[in-house]
Amino acid sequence: MGDFNKIIKRDKPVLVDFYAAWCGPCKMMPPILDDLKNRMGDKATIIKIDVDKNQHLARKLSIRGVPTLVLYKKGKIVWRESGVRQAGELEKIISNHL
């Protein structure tokens, strides 16, 4: 939990992909996030968190469905959506918070 809090408090946006290994739609996200990372470079941090291995955090953040994508800026949630999103859409959302 301490590492998570340090990461999300950074100045640059942090996109967190809350996922589960058993989730079909979650398996679509890695190539999308790789594409997003290539588009964004160092402008944003992208991390993945397995809700089954981090149940306390998932409960605390009320993660009810996966995948859930949450964008943090300086420790505050600035955007949150459940479901698969495309790299271009995510790039626009993150760029609005640079």
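- How far CE of Met40 is from NZ of Lys12: 10.0 Å, rounded to the nearest 0.5 Å.
- The heavy-atom pair separating Cys26 from Pro67 by the smallest distance is SG-N, 3.5 Å.
- Nearest approach of Lys73 to Val78, heavy atoms of both residues: CB-CG1, 3.9 Å.
- Note that the CD1 atom of Ile94 and the CD atom of Glu89 stand 10.5 Å from one another [nearest 0.5 Å].
- Under the rule for a side-chain hydrogen bond (donor to acceptor under 3.5 Å, both in side chains), the partners of Arg39 that lie at least two apart in sequence or sit in another chain are Asp35, Glu91.
- Ile47 and Leu15 are members of different hydrophobic clusters when ILVMFWY side chains are connected at heavy-atom separations under 4.5 Å.
- Residues Thr45 and Pro13 have side chains not in contact (no heavy-atom distance under 4.5 Å, counting atoms from C-beta outward).
- Under a hydrophobic clustering in which Ile, Leu, Val, Met, Phe, Trp and Tyr are joined whenever their side-chain heavy atoms come within less than 4.5 Å, directly or via other members, Ile46 and Val16 fall into different clusters.
- Under the 4.5 Å side-chain heavy-atom criterion for Ile, Leu, Val, Met, Phe, Trp and Tyr, Trp79 and Val14 are members of distinct hydrophobic clusters.
- Minimum heavy-atom separation, Ser82 to Gly65: OG-O, 4.3 Å.
- Taking OH of Tyr72 as the reference point, atom CG of Asn5 lies at 8.5 Å (rounded to 0.5 Å).
- One hydrophobic cluster, built from ILVMFWY side chains closer than 4.5 Å, cannot hold both Val84 and Phe18; they sit in different ones.
- One finds the CD1 atom of Ile8 at 11.5 Å from the CG atom of Asp3 (value rounded to the nearest 0.5 Å).
- You'll find the side chain of Ile49 reaches within 4.5 Å of the side chain of Phe4, heavy atoms only.
- Residues Tyr19 and Asp50 form a side-chain contact, since some pair of their non-hydrogen atoms from C-beta on lies under 4.5 Å apart.
- The heavy-atom pair separating Val51 from Ala20 by the smallest distance is CG2-CB, 4.0 Å.
- Under the 4.5 Å side-chain heavy-atom criterion for Ile, Leu, Val, Met, Phe, Trp and Tyr, Ile7 and Leu69 are members of distinct hydrophobic clusters.
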Side chain to side chain contact (heavy atoms under 4.5 Å, CB included) between Glu81 and Thr68, worked out: CA-CA 6 Å; Glu81 286 286 329; Thr68 293; over 6 Å; no
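- Rounding to the nearest 0.5 Å places CG of Leu90 at 8.0 Å from CZ of Arg85.
- Partners of Lys48 by salt bridge (charged side-chain N to carboxylate O under 4.0 Å, His left out), not counting sequence neighbours, listed by chain and number: Asp17.
- Taking all atoms of both residues into account, the shortest heavy-atom contact from Leu61 to Arg80 is O-NH1, 2.7 Å.
- Between the side chains of Asp52 and Trp22, at least one donor N or O sits under 3.5 Å from an acceptor N or O.
- We find the CG-CG distance between Asn96 and Leu71 to be 9.5 Å, quoted to the nearest 0.5 Å.
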